[in-house]
Amino acid sequence: MQQYRNDYSEGAAPQILNALVATNAEQTPGYGTDGHCARAAELIRAEIGLSDAVVRFVPGGTAANIIAIASLTDEFEGPSAPLTHIP
């Protein structure tokens, strides 16, 4: 049985590795501004049925979680870390 815990404890799927090998020599202008991201955004818009949706990419899960929580809560809500006493 395969289990997916997080993006740090597993290897990449063969399809992802093949895509990386196929595009490894490409030079792109930057994350989120290249043709691959533009195509992914088109596919996401088509999947959700919103052709005018704004799609942006972030570099990892932590950043995505912060953006999602911040957009779904008021400024006085959201997660908080417990304070620890530092002598």
Side-chain angles (χ1 to χ4, degrees):
M1 173 165 68
Q2 289 186 327
Q3 294 181 347
Y4 182 78
R5 293 187 178 96
N6 57 55
D7 55 347
Y8 305 110
S9 65
E10 303 291 334
Q15 298 91 332
I16 293 172
L17 291 174
N18 291 337
L20 287 171
V21 168
T23 60
N24 188 52
E26 288 183 22
Q27 292 185 342
T28 59
Y31 193 76
T33 59
D34 59 90
H36 299 291
C37 288
R39 177 69 179 130
E42 290 174 15
L43 292 170
I44 291 167
R45 287 186 197 100
E47 185 67 27
I48 64 174
L50 296 172
S51 61
D52 60 345
V54 176
V55 178
R56 298 290 184 260
F57 298 100
V58 294
T62 300
N65 289 338
I66 290 168
I67 291 168
I69 291 169
S71 69
L72 296 171
T73 58
D74 285 323
E75 58 187 49
F76 59 88
E77 297 177 315
S80 62
L83 298 175
T84 54
H85 176 69
I86 301 174

Please list all pairs meeting salt bridge (Lys or Arg N to Asp or Glu O under 4.0 Å) that have one or both residues in residues 31-49, counting only residues at least two apart or in different chains. R39-E42
Going by atom type alone, with no hydrogens or angles, which donor-acceptor pairs under 3.5 Å involve a side-chain atom of residues 56-68 and a protein atom two or more places apart or on another chain?
{"from": "N65", "atom 1": "ND2", "to": "G61", "atom 2": "O", "distance (Å)": "3.3"}

Identify each donor-acceptor pair in which a side-chain atom of residues 19-26 lies under 3.5 Å from a protein atom, sequence neighbours left out, and give them as a table.
{"from": "T23", "atom 1": "OG1", "to": "A19", "atom 2": "O", "distance (Å)": "2.8"}
{"from": "E26", "atom 1": "OE1", "to": "H36", "atom 2": "NE2", "distance (Å)": "2.7"}

Under 4.5 Å side-chain heavy-atom separation, chaining through any Ile, Leu, Val, Met, Phe, Trp or Tyr, what else clusters with L43? Say none if it is isolated. none
Looking at residues at least two apart in the chain, or sitting in another chain, which of them share a side-chain contact (heavy atoms from CB on, under 4.5 Å) with A12? I16, L17
Partner residues of D74 under the side-chain contact (heavy atoms from CB on, under 4.5 Å) criterion, sequence neighbours left out: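 In terms of side-chain contact (heavy atoms from CB on, under 4.5 Å), with neighbours along the sequence ignored, D74 is linked to F76, E77.
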